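Input: a single structure, listed below in structure tokens.
Below, all heavy atoms of this structure are taken into account, side chains as well, without hydrogens, waters or symmetry copies. Not measured: the values here are computed from a predicted model. Start at 1 with the first residue, then count along the sequence.
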Amino acid sequence: MRILIIEDDPAIAANLYDYLEAAGYVPEHTADGVTGLHRAVSAQWSAILLDVSLPGMDGFTVCRKLREEARKDTPVLMLTAKDTLDDKLAGFGHGADDYLVKPFSLKEVGARLAALIKRHQGQVVPGALRVGDISMDPRTLDVDRAGKVIRLPRKCLHLLQLLMSSPGQVLRRAELETAVWGEPLPDSDTLRSHMHTLRRALTADGGANPIETVHGIGYRINALSNAP
């Protein structure tokens, strides 16, 4: 998922860039409003992180032009030191989807960003997830394979939900770790151990292993039957 960062503070921009890259996103940074608007309009983005006080063109104007002139509905999370109610209302009035006041936690940026992207993709209240003969109800976290109930620890359930939400796609280790544990882990043993537990539960009745390790990158789930 590609994220555009429009921020003129080099330190803040660098922190955001590094955090998002470690979380599995593909960030790009611009430092002024005019260039930011051009990049926002000329490419496809999963979301935009937009500062308000920018050289060339302020963030409010960038957001308004993005919505009214370019007719783009890309999720926009405004990041600004302006913290009054009027400032926030101005942000929403110009088309922002969310508003976060500086200084902020990178984890909160990540959480709000993920929520905006899910909402934009229509995943806020998802239906049952199905990959091959495996199904999961995201609301109750009930899992079954070929009609047989599978019991899993909570973090394994979260991992399975992430994989089943993007069947056939490789999810990077850092992306999975950030989603489940809140940050990339210092080593891969924890994620590997949970993946082992998840695989063992899914194959307990002799079915084929649906989770593939893509060495050096991450994992993906494939649509396989429960036949031995």
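- Of all non-hydrogen atoms in Leu129 and Met164, the two that sit nearest each other are O-CE, 3.4 Å.
- Leu152 and Leu141 fall within the same hydrophobic cluster, where Ile, Leu, Val, Met, Phe, Trp and Tyr residues are linked whenever their side-chain heavy atoms come under 4.5 Å apart, directly or through other members.
- Linking ILVMFWY side-chain heavy atoms closer than 4.5 Å, directly or via other members, places Trp181 and Leu160 in a single hydrophobic cluster.
- One side chain, Arg39 or Ser42, offers a donor N or O that lies under 3.5 Å from an acceptor on the other.
- Expressed to the nearest 0.5 Å, how far CG of Asp142 lies from CD1 of Ile150 amounts to 11.5 Å.
- To the nearest 0.5 Å, the span separating CG on Leu4 from CH2 on Trp45 amounts to 4.5 Å.
- The two residues Ala47 and Ile117 make their nearest non-hydrogen contact at CB-CG1, 4.1 Å.
- With Asp32 contributing its side chain and Thr35 its backbone, the two residues share a donor-acceptor pair below 3.5 Å.
- Listed for the Arg172 side chain is no donor-acceptor partner under 3.5 Å among the backbone atoms of Gly24.
- The CG atom of Leu49 lies 9.5 Å from the CD atom of Glu7; values are rounded to the nearest 0.5 Å.
- Applying the side chain to side chain donor-acceptor pair (under 3.5 Å) criterion to Arg130, with sequence neighbours excluded, gives no partner residue.
- Between the SG atom of Cys156 and the NE2 atom of His196 there is a distance of 10.5 Å, given to the nearest 0.5 Å.
- Between Thr30 and His38 the shortest side-chain heavy-atom distance does not fall below 4.5 Å.
- Two residues are said to be in side-chain contact when any heavy atoms from C-beta on lie closer than 4.5 Å; Phe104 and Leu16 meet this criterion.
- No side-chain heavy atom of Met78 sits less than 4.5 Å from a side-chain heavy atom of Phe92.
- A donor-acceptor pair is defined here as one N or O able to donate and one able to accept, closer than 3.5 Å; no such pair exists between the side chain of Ser193 and the backbone of Asp189.
- Evaluation of the side chain to side chain contact (heavy atoms under 4.5 Å, CB included) rule for Asp97 yields Arg67, Pro75, Val76, Leu116 as partners, not counting sequence neighbours.
- In this structure, Val170 is not a member of the same hydrophobic cluster as Val26, with clusters built from ILVMFWY side-chain heavy atoms closer than 4.5 Å.
- Lys102 pairs in a side chain to side chain donor-acceptor pair (under 3.5 Å) with only one of the listed residues (Asp51, Asp9, Thr80), which is Asp51.
- Under the 4.5 Å side-chain criterion, counting only non-hydrogen atoms from C-beta, Ile211 is not in contact with Thr213.
- A heavy-atom distance below 4.5 Å is not found between the side chains of Ser53 and Asp8.
- Val131 and Pro167 get closest at one heavy-atom pair: CG2-CB, 3.8 Å.
- Connection of Tyr219 to Val214 is not established within any shared hydrophobic cluster, with ILVMFWY side chains joined at heavy-atom distances below 4.5 Å, either directly or through further cluster members.
- Checked by atom type and distance alone, the side chain of Asp205 never pairs as donor or acceptor with a backbone atom of Gly207 at under 3.5 Å.
- A pairwise comparison of heavy atoms in Leu198 and Leu163 identifies CD2-CD1, 4.4 Å as the closest pair.
- Glu177 has no carboxylate O lying under 4.0 Å from a charged side-chain N of Arg173, or vice versa, which leaves the two without a salt bridge.
- Looking at heavy atoms from C-beta onward, Lys65 lies out of side-chain contact with Lys72 at the 4.5 angstrom threshold.
- Using a 4.5 Å cut-off between side-chain heavy atoms of Ile, Leu, Val, Met, Phe, Trp and Tyr, with links allowed through other members, Ile6 and Val34 fall into the same hydrophobic cluster.
- Here the OG1 atom belonging to Thr61 is positioned 10.0 Å from the CD atom belonging to Glu69, to the nearest 0.5 angstrom.
- For the pair Lys155 and Thr197, the minimum side-chain heavy-atom distance is 4.5 Å or more.
- When all heavy atoms of Ala22 and Thr178 are compared, the closest pair comes out as O-OG1, 4.4 Å.
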### Message
Applying side chain to side chain contact (heavy atoms under 4.5 Å, CB included) to Arg112 and Leu79, what does each step give before you reach the verdict?
### Response
CA-CA 11 Å; Arg112 289 176 182 252; Leu79 308 174; over 6 Å; no
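- Heavy-atom minimum distance, Ala81 versus Val101: O-CG1, 4.3 Å.
- With a 4.5 Å cut-off on side-chain heavy atoms, Leu66 and Ile48 count as touching.
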### Task
Take Val180 and His194 through the side chain to side chain contact (heavy atoms under 4.5 Å, CB included) test and state the conclusion after the steps.
CA-CA 11 Å; Val180 176; His194 281 76; over 6 Å; no
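- If you take CD1 on Ile5 and CG on Leu50, they are separated by 11.5 Å, rounding to the nearest 0.5 Å.
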